[in-house]
Structure formats: C-alpha cells, structure tokens
Amino acid sequence: MPRQGLSKESVVQAAVDLIEEKGVSQFSMGKLAQRLKIKPASLYNHVESIDKLMKLVGEEAIYQLVRLENQAIAGKKKNEALFALAEAYRSFSRNHYQLYQVIMAFPKENDLVLKQEAGEIISPFLKVLADYGLTENQQFHWQRVLRAMMSGFAFHEQAGGFSYFPADQDESFYIAMQCIANGLCQTGGEKR
C-alpha cells in the first residue's frame, strides 16, 4: 500500500534532488528510501525498478534542459538565438551536471522512447537552425556538430580539462560558437 502523501512524482523529485546533491554514482534505492524515511521495498509501490526510476529522472532532466533552452531562444533569431541556446546548454551542464550525466546515459533499449526523447532534445536546436536557410538534412548535421561541441566542452570543463592553461574558458567557448555561427552562415549562403 503506497504511503499517504507519497506519489511517483514525489519519488522522482526526491531522486532528482538526491542525485544533484550526492551525485549519480552515489545514488541508490536504499539512499532514496532513507531520504524519504520509508523502507526500500516501499519505493516499489511507486516505481517498478531503479532502471525505470532513472528513466523518469532522465525525462525530468530533459524537460528542465529543454525548458531552459526554449526560454533562452524565445524571440531571438540566428546568431543571437544560437549563442543564447549555447549559453543555456552550458549553464545547465554547469549547474546541474549530475542531471546532465543522467541525460547522457539515457537508456537506449527502447527505440520509440529514445526517438521521442531525442526529438525533445533537438527541438530547440532545429528551431534555431531553421533561421539559417539550411536544408532539413543540413539542419540534422549541424545540430550534431553543435551538440557535440557543446557536450564535449561541458565534459572537459567539468572534468578540469581546461584548467592547465591560463586562457579564459568563456572566451574559448565564444570562439567555438563563433566558428559554428560562421559555418552556419556560410552553409546557409549568407554573408557574415
């Protein structure tokens, strides 16, 4: 019998909070139950398994990231939207790195669910790229280039991979984004 006041949504939110606080590698159903002051077996009244719970946490993380990106690009076009999108992505990866890791490790076993989640993730990118006069195929290629640069930058930044040289990381990020903006304008047939 589910505990009164406890729901699947509250279990997921508690898992999100615990992962952000302690790290995804330290997360367990036992620690979550302890946080909620219930027996571990009681969690299974709300979620089927740790894999299902992590999928729900991943969906919540994707929702938060996409919401932040959509807010950042609202009312903006071309380079202004591109740089706002990149900054929102970077901000999420910095401020919610543990959730970002959950997104990057999102389960790949269900093609339909994965396709739906991938669609959510790339939607803000395709909105921005549509303003550059690219074909649909070019948009798919460029969203990969953009996401690869941003996720690689996020990984190296969080792992301390950029700390060995005195050059400003923000400036490096700007240079990378400017290269992408220039490439988009060139591909779309625009003058910079």
Side-chain angles (χ1 to χ4, degrees), residues 7-21 23-24 27 47 50-159 170 173-174 176-178 180-181 183-184 188:
S7 65
K8 179 163 60 172
E9 292 76 21
S10 62
V11 168
V12 171
Q13 187 56 55
V16 165
D17 294 343
L18 187 59
I19 287 168
E20 289 216 86
E21 184 183 316
V24 69
F27 179 80
V47 291
I50 191 165
D51 291 337
K52 288 283 189 184
L53 178 59
M54 292 307 291
K55 180 184 166 298
L56 293 168
V57 169
E59 288 172 355
E60 174 60 24
I62 290 168
Y63 169 77
Q64 288 182 26
L65 172 60
V66 170
R67 185 184 70 216
L68 185 66
E69 290 171 338
N70 281 325
Q71 288 171 345
I73 65 175
K76 297 178 176 79
K77 297 285 182 198
K78 293 189 180 166
N79 286 1
E80 183 184 14
L82 179 70
F83 279 82
L85 175 69
E87 199 49 53
Y89 187 99
R90 187 176 182 210
S91 176
F92 183 86
S93 72
R94 281 177 158 177
N95 298 326
H96 304 283
Y97 190 66
Q98 296 301 318
L99 290 182
Y100 181 73
Q101 287 184 310
V102 172
I103 293 172
M104 294 295 112
F106 199 82
K108 317 258 183 312
E109 81 287 341
N110 184 329
D111 288 342
L112 185 59
V113 170
L114 185 60
K115 188 172 183 176
Q116 181 180 345
E117 297 305 328
E120 290 292 318
I121 289 171
I122 68 167
S123 177
F125 290 83
L126 295 178
K127 283 180 194 173
V128 169
L129 294 172
D131 291 332
Y132 285 93
L134 306 173
T135 66
E136 183 179 56
N137 195 49
Q138 288 172 326
Q139 288 178 36
F140 288 134
H141 286 300
W142 276 99
Q143 67 83 23
R144 286 178 180 161
V145 169
L146 183 54
R147 288 175 49 229
M149 187 287 295
M150 290 165 42
S151 62
F153 201 97
F155 171 77
H156 284 285
E157 192 168 38
Q158 289 297 320
D170 293 337
F173 189 75
Y174 177 83
M177 287 306 304
Q178 190 61 59
I180 288 175
L184 285 167

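Along the sequence shown, residues carry numbers from 1. All values reported here derive from a predicted model rather than from experimental measurement.
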Next on the checklist: One pair to check against side-chain contact (heavy atoms from CB on, under 4.5 Å): F27 and V102. What are the steps and the verdict?
Outcome noted: CA-CA 11 Å; F27 179 80; V102 172; over 6 Å; no
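- For Q158, the side-chain hydrogen bond (donor to acceptor under 3.5 Å, both in side chains) criterion is met by no residue, not counting sequence neighbours.
- With a 4.5 Å cut-off on side-chain heavy atoms, E87 and F173 count as touching.
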Next on the checklist: Before you tell me yes or no, could you show the steps for I73 and L82 under side-chain contact (heavy atoms from CB on, under 4.5 Å), namely the whole-Å CA-CA distance, both residues' side-chain angles and the distance that decides it to 0.1 Å?
Outcome noted: CA-CA 8 Å; I73 65 175; L82 179 70; over 6 Å; no
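- In Y97, the OH atom is crowded: over 12 heavy atoms of neighbouring residues, nucleotides or ligands sit closer than 6.0 Å.
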Checklist entry - Which is it for F83 and Q178 under the side-chain contact (heavy atoms from CB on, under 4.5 Å) test, yes or no, and what are the steps along the way? => result CA-CA 9 Å; F83 279 82; Q178 190 61 59; 3.6 Å; yes
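- By the 4.5 Å heavy-atom criterion applied to side chains, S123 and V66 are not counted as neighbours.
- Smallest separation of non-hydrogen atoms from F92 and A61: CZ-O, 3.7 Å.
- Proximity of a side-chain donor or acceptor of Q138 to a complementary backbone N or O of T135 within less than 3.5 Å is detected.
- Side chains of Y132 and N79: a donor-acceptor N/O pair is present below 3.5 angstrom, by distance only.
- Minimum heavy-atom separation, K78 to V128: O-CG1, 4.2 Å.
- Residues H96 and E20 bring a donor and an acceptor atom of their side chains to less than 3.5 Å of each other.
- The distance from the CG atom of L56 to the CD atom of E9 is 9.0 Å, given to the nearest 0.5 Å.
- We find the CG-OH distance between N95 and Y100 to be 13.5 Å, quoted to the nearest 0.5 Å.
- Contact detail for A130 and Q139: the closest heavy-atom pair is CA-NE2, 3.8 Å.
- Within the model, atoms CG of L184 and CE of M177 stand 8.0 Å from one another, a figure rounded to the nearest 0.5 Å.
- One distance of note links OH of Y89 with CZ of F153; it measures 12.5 Å at 0.5 Å rounding.
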Checklist entry - What do the steps show when you test R90 against D170 for salt bridge (charged side-chain N to carboxylate O under 4.0 Å, His left out), and what is the final call? => result CA-CA 10 Å; R90 187 176 182 210; D170 293 337; 3.0 Å; yes
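- Contact annotation: the side chain of I19 never approaches that of Q101 to less than 4.5 Å [non-hydrogen atoms, C-beta and beyond].
- In terms of modelled atom types and a separation under 3.5 Å, the side chain of K76 and the main chain of A72 share a donor-acceptor contact.
- If you take NZ on K127 and CD on E69, they are separated by 10.0 Å, rounding to the nearest 0.5 Å.
- Here the side chain of S10 pairs a donor or acceptor atom with the backbone of S7 at under 3.5 angstrom.
- Here the straight-line distance linking atom CD of Q64 with atom CD1 of I103 works out to 8.5 Å at 0.5 Å rounding.
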Which donor-acceptor pairs under 3.5 Å do the side chains of residues 142-150 make with protein atoms, sequence neighbours left out?
from	atom 1	to	atom 2	distance (Å)
Q143	OE1	R147	NH1	2.9
Q143	NE2	F140	O	3.3

